[in-house]
Structures are given as structure tokens and as C-alpha cells.
Number of protein chains: 2
Amino acid sequence: MSTPKASGEAPRRRLPRGALTPERIVTASLALLDEQGLAAFTMPRLGRTLGADQTAVYRHFASKDDLVLAVADRLLTEAFEDFEPAGDDWRGTLVDVCQRVRTTYVSHPAAAVLSGPRITTGSSEMKAADAVVGALRTAGIPDPELALYYRVIADFALLWSGGLAGFRILDESIQEAERTTWATAYATAPDQFGNLHAISGDLDRIESEQVFDTALELLLDSIAERAARARTGQDTA
Amino acid sequence: MSTPKASGEAPRRRLPRGALTPERIVTASLALLDEQGLAAFTMPRLGRTLGADQTAVYRHFASKDDLVLAVADRLLTEAFEDFEPAGDDWRGTLVDVCQRVRTTYVSHPAAAVLSGPRITTGSSEMKAADAVVGALRTAGIPDPELALYYRVIADFALLWSGGLAGFRILDESIQEAERTTWATAYATAPDQFGNLHAISGDLDRIESEQVFDTALELLLDSIAERAARARTGQDTA
DNA sequence: GGGTTAAGTCAATACCTTTGACTAAGAGAT
DNA sequence: ATCTCTTAGTCAAAGGTATTGACTTAACCC
């Protein structure tokens with residue numbers, strides 16, 4: 001009689017053998033992070049979500065950290081699914097790459113914050129990385145600097161998107177509180193911050209996404225400018 | 001006979017009344033984070049560091065999260081200690097502000113990673129924020145766009161520095177592992193990533209700090225360019 | 001059908017944050 | 001000098017966490 005306790009709790013049968021796979025676990029992790037947030041991403045809850053024991057995941061990932069790496073990988077895979085470089089429109093290619101990262105991060109903010117520091121240039125999605133280099137070459141950037149600008153674009157996409165996700169994760173209430181910080185600071189020293197006060201009306205209307213887009217435009221404008229200078233033979237001195 | 005157990009452990013006398021202050025606790029937190037890293041920043045260890053009970057900190061901070069906010073504040077205070085805007089050298093002022101954030105974050109990477117997502121434009125150090133706006137005004141940026149560029153600079157400094165800190169925190173071993181990811185990817189699909197491969201030699205020599213500086217230069221070049229256009233009366237269309 | 005292997009489970013360890021009750025340090029009043 | 005009172009520091013405990021080692025048993029191979 002191995003029948004478990006006759007309490008109200010459904011005893012949950014043992015899962016069949018291949019029920020859990022790395023893919024399924026990563027998918028469940030992402031769903032848990034999206035729906036319940038960063039704090040809910042624990043092994044017990046993940047196990048429950050999967051209908052398994054809380055330690056079952058350890059049969060597929062050596063540690064939670066390992067799982068996080070896999071989630072990070074999934075995020076980038078999702079970002080660059082069916083990505084193709086836009087031929088000779090180098091600027092379009094770069095904008096596309098950066099916005100793909102941003103869009104993915106903002107739609108999975110908790111997962112992005114978790115994996116953000118674990119993703120560095122070159123962990124996966126080499127195809128996109130290669131496209132960035134190709135685009136810069138198309139633009140006419142000469143060779144030793146090209147690597148530097150590549151890093152600028154790659155770091156911009158990853159770091160700035162990660163920061164955006166971090167902001168997105170904070171409770172609405174906290175975001176509100178930080179907004180009011182401005183008001184109180186003005187109140188205590190009204191004329192000390194005249195410059196800031198003069199633009200406070202404009203500041204309120206700015207969305208973080210718009211800031212991202214503007215920064216990208218500024219970076220690309222400068223890169224285009226330097227490419228033009230390089231083509232006409234002038235050096236940067 | 002209130003003498004405690006005669007074991008080898010020194011019994012640690014009760015601390016006198018004003019021994020703990022928020023300032024001292026924040027200082028100890030920062031030291032702990034700097035010396036032992038993110039994982040060591042726990043209430044028990046912090047208490048031990050202070051020579052106090054593991055729960056003593058709760059008399060001064062409602063939660064660990066509150067303490068993190070205070071650490072974040074300390075970081076920015078440190079960054080902008082004796083900061084003065086550089087008069088009409090607007091570009092110098094902006095570079096100074098951004099590099100102060102970067103330098104502080106990189107010298108306290110664990111603290112920066114912890115507090116990074118909690119710092120948004122305007123939480124403290126309004127003086128620096130005001131100086132950024134002033135610098136942009138000196139540069140000649142007209143008014144509705146000025147707010148946008150202000151956000152670009154502020155977000156750049158905070159988000160990018162935070163990202164740098166995140167990278168800094170990873171073990172050397174992990175950093176090494178990520179570097180080798182490149183090599184293996186080349187091995188599996190050698191010619192698919194020709195662009196990348198062509199610059200791999202240059203890439204190895206690039207430091208993250210250099211990427212930060214370059215990105216800042218690119219942003220400022222574009223801002224200067226747009227300011228010049230605005231002064232000569234052309235519009236951006 | 002029997003044996004093997006590894007996927008899923010269980011129990012236990014060593015942490016962690018946070019709370020509530022307790023105690024005594026030191027300030028202020030008399 | 002003593003008495004009282006507030007509250008900073010302490011203690012014990014609850015409830016959560018990651019991770020490990022021993023166990024069971026499902027499913028594959030022969």
C-alpha cells in the first residue's frame with residue numbers, strides 16, 4: 001500500500017522518464033520570470049511549475065547559475081531568430097541588431113537583468129556579431145579602428161538594453177518615488193538647480209526607449225562621419 | 001554568573017549604545033563588498049564585520065534593500081565629491097561627469113552591480129545633473145532637444161558604467177571561458193564568420209574602458225555637430 | 001523477462017532574510 | 001546619586017533558499 005496520505009493534496013505522480021529536458025526547463029524558467037518576476041525564480045517554484053520535484057532540475061543543470069546561462073543564451077537566440085543583415089544598408093543593419101536586443105530585453109526584463117551581466121560580446125549569436133563587423137566594413141571604416149567601433153556597438157546594445165530592463169523591473173511605485181525625488185530636491189534648493197529646472201517639463205515627456213534610439217543615432221552619425229573622413233584620405237589627428 | 005560558555009570563542013561584549021550609525025554601516029557594507037564580493041554581502045557577515053549581532057543592522061535600516069539604496073547613494077556621493085563644472089569647457093565637463101561615474105563604479109564593482117539598477121537619473125547628486133544641463137546649454141543645444149541629450153549623457157554614464165562593473169565582477173576564470181567561446185565558434189564554422197575573424201587580432205587588444213571612452217567621444221562629437229547646425233540656423237530635417 | 005542506468009524523488013544540511021520578545025545602556029528628571 | 005524610560009543591541013525562531021547524497025523506479029537493451 002504505497003498510497004500516500006489521504007489528505008486533500010493531490011499527491012502528484014512521479015513524472016515519466018523524459019518529461020524534463022533542458023529546453024523545457026529553460027522555457028519554463030523564462031515563463032516564470034516573465035509572469036512572476038525575478039524574486040519568484042527559485043528552484044522550488046520552478047520545480048512546481050514543471051510538475052516535478054524541486055530538485056529535479058539538477059539532473060539537467062549543475063547549478064542555478066548554469067541554468068541562468070542557458071536562459072541568457074535563449075534570450076539572444078530569440079533576439080536574432082530569422083535575422084539577416086540588410087545588404088549594403090550598413091546603418092540599417094546596425095540599427096536592426098541593436099533594436100532586436102533592446103526589444104527582447106524589454107519583453108523579458110527579469111530574465112534580461114538576470115543574464116545581462118553574464119552575456120558578453122561573443123557568447124553566442126556570432127552571426128549578428130559578424131554582421132555588425134560586415135556593416136562597419138561596408139561603411140568604410142578602416143581596419144584597426146573597426147574593432148573598436150564593433151565593441152562600441154556590441155556593448156551599447158547589450159549594456160544599454162540591460163540597463164533599460166533593470167529600470168523596467170522596478171515596481172511602478174518605486175519608479176514613482178524616484179520621480180518625486182526631483183520635486184523634493186527642487187523644493188529644498190530651488191535656485192541651485194536652475195538649469196535642471198528649466199527643462200524639467202521637457203524631461204517628463206521622455207521615454208527611455210527614445211533615449212536609446214537617440215543615443216544610437218548619435219553613435220552612428222559619428223561613425224558615418226569618421227568613415228567619410230577615412231574615405232577622403234584625411235586622418236583623425 | 002552571567003559568564004558565557006568557557007569555550008575558546010571570545011564571547012564579544014555587547015556593543016555600547018551609539019556604536020552603530022547608518023554612516024558606519026554603509027561604510028562597512030562598502031568595505032565588505034569591495035573586499036569579499038557580492039556573495040559575501042549578507043546580514044550575518046555584515047554584523048560580524050561591525051562586531052555586532054547579525055540582526056543589529058535592522059535597527060537602522062528597515063530591510064536589506066533599504067541598505068542597498070543607501071550604498072547606492074554613497075557611491076554617487078563619492079563619485080561627485082568636490083566636483084565642479086569646468087566653466088565654458090562644456091565638453092570637458094561632460095567627460096568629467098561620465099568618467100567620475102565610471103571610475104567609482106569600477107573601483108567598487110560589487111556595490112555598483114548591486115545598486116546599479118536602483119539608481120536612475122535624479123536620485124541624488126543633482127549638482128552634477130545640473131552641470132550636465134548647463135554644459136549642453138553652453139554647447140548651444142536648443143531647448144526641446146536639450147532634455148533628450150541630457151538623458152543620453154546621464155543614461156550613458158550610469159548604464160554603461162554599471163555594465164562595466166558587471167563584467168568586472170565575473171571571476172577571471174569565467175572571463176577567460178567567455179573569451180574561448182570565440183575560438184570554439186571559429187573552429188566549428190570557420191568561414192561563416194569571416195568578418196569577425198579578420199579583426200579578431202585587433203579585438204583582443206581592446207579594453208572595456210577604452211570602449212567606454214570611445215563611445216563617449218562619439219556621442220559628444222555628434223552632439224557638437226548638432227549644436228553647430230543649430231547655431232547656424234539649419235534645422236535637423 | 002532480467003539487468004542496468006540515469007531521471008525523478010526524498011531527506012537533510014547549511015545558509016539566508018526578517019520578526020518578535022528580551023535586556024541593558026545611557027539620557028534626562030528628580 | 002538614584003530612578004525611569006527609551007531604544008539600540010541581542011537572542012531565538014520561523015520560513016525561505018541552493019545544493020548534496022541516498023533512494024527508487026521508469027524505460028531501454030539484450
Side-chain angles (χ1 to χ4, degrees), chain A residues 1-5 7 9-29 32-33 36-71 110 114-115 118, chain B residues 1-5 7 9-29 32-33 36-71 110 113-115 118 171:
Chain A
M1 300 315 156
S2 66
T3 317
K5 47 201 145 183
S7 79
E9 290 294 315
R12 192 175 63 68
R13 314 179 66 78
R14 188 192 189 93
L15 279 182
R17 207 138 216 263
L20 267 40
T21 63
E23 284 71 33
R24 258 182 280 232
I25 292 171
V26 169
T27 301
S29 300
L32 186 58
L33 283 162
Q36 315 255 40
L38 201 50
F41 181 53
T42 71
M43 295 308 232
R45 296 199 210 193
L46 180 56
R48 231 177 294 144
T49 294
L50 289 159
D53 184 79
Q54 60 172 251
T55 66
V57 171
Y58 285 96
R59 294 287 157 210
H60 301 270
F61 294 94
S63 68
K64 193 179 178 183
D65 200 61
D66 256 36
L67 175 54
V68 167
L69 285 174
V71 170
L114 206 61
S115 46
R118 308 308 307 279
Chain B
M1 303 304 165
S2 66
T3 316
K5 47 200 144 179
S7 79
E9 291 294 315
R12 191 176 64 69
R13 314 178 66 77
R14 188 193 188 94
L15 279 183
R17 209 137 214 264
L20 267 40
T21 63
E23 285 72 33
R24 259 182 280 232
I25 292 171
V26 170
T27 302
S29 300
L32 186 59
L33 284 162
Q36 315 255 46
L38 201 51
F41 181 52
T42 71
M43 295 310 229
R45 296 200 210 191
L46 180 56
R48 230 177 292 143
T49 295
L50 289 159
D53 184 80
Q54 62 171 249
T55 66
V57 171
Y58 285 95
R59 295 286 157 210
H60 300 272
F61 294 95
S63 67
K64 193 179 179 185
D65 200 61
D66 256 37
L67 175 55
V68 167
L69 285 174
V71 170
V113 166
L114 206 60
S115 47
R118 309 307 307 277
D171 291 339

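To find a chain, count down the sequence lines: A is the first, B the second, and so on, and within it residues start at 1.
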## Note on the structure
Atom CG of B/Leu15 and atom P of D/dC11 are separated, to the nearest Å, by 11 Å
## Note on the structure
Atom CG of B/Leu67 and atom P of C/dT18 are separated, to the nearest Å, by 10 Å
So which protein N/O to nucleotides 11-16 of chain C N/O distances come out below 3.5 Å?
from, atom 1, to, atom 2, distance (Å)
C/dC16, OP1, B/Thr42, OG1, 3.3

### Message
Expressed as a whole number of angstroms, how long is the span from B/Phe61:CZ to D/dA8:C1'?
### Response
14 Å
### Query
Tell me, do A/Val71 and A/Leu114 make a side-chain contact under 4.5 Å, heavy atoms counted?
no
### Message
Show the nearest heavy-atom pair for residues B/Ala110 and B/Leu38, with the distance to one decimal.
### Response
O-CD1, 3.7 Å
### Query
What residues form a salt bridge (charged side-chain N to carboxylate O under 4.0 Å, His left out) with A/Asp66, not counting sequence neighbours?
none
#### Entry: Donor-acceptor pair present, A/Arg17 side chain and D/dA27 base, under 3.5 Å
no
Can you check nucleotides 28-30 of chain D for protein contacts, nitrogen or oxygen pairs under 3.5 Å, and list what you find?
none

### Query
Of all the nucleotides listed (C/dT18, D/dA26, D/dT10), which has the minimum atom distance to the side chain of B/Arg59?
D/dT10
### Message
Please report the distance, rounded to the nearest Å, between CZ in B/Arg14 and P in C/dG26.
### Response
10 Å
### Side chains of A/Leu69 and A/Phe61 in contact at under 4.5 Å (non-hydrogen atoms)
no
### Summary
Heavy-atom nearest nucleotide on DNA chain C taken for B/Tyr58 and for A/Thr21; more 5' hit belongs to A/Thr21
### Summary
Checking A/Leu32, A/Ile25, A/Leu15 against A/Leu50 for side chain to side chain contact (heavy atoms under 4.5 Å, CB included), the one that qualifies is A/Ile25
### Message
Between B/Asp65 and B/Ser63, does the side-chain hydrogen bond (donor to acceptor under 3.5 Å, both in side chains) criterion hold? Intermediate values first, please.
### Response
CA-CA 5 Å; B/Asp65 200 61; B/Ser63 67; 5.2 Å; no
### Task
Compare every heavy atom of A/His60 with every heavy atom of A/Pro22, then report the nearest pair and how far apart it is.
CD-ND1, 3.8 Å
### Query
Which nucleotide, C/dT9, C/dG26, D/dA27, lies nearest any side-chain atom of A/Ala52?
C/dT9
### From B/Lys64, B/Gln54, B/Arg48, residue fulfilling side chain to side chain contact (heavy atoms under 4.5 Å, CB included) relative to B/Met43
B/Lys64
### Query
Rounded to the nearest Å, what distance is computed from the CG atom of residue A/Leu20 to the P atom of nucleotide D/dA26?
16 Å
### Nucleotide D/dA8, atom P - distance to NE2 of B/His60 in whole Å
6 Å
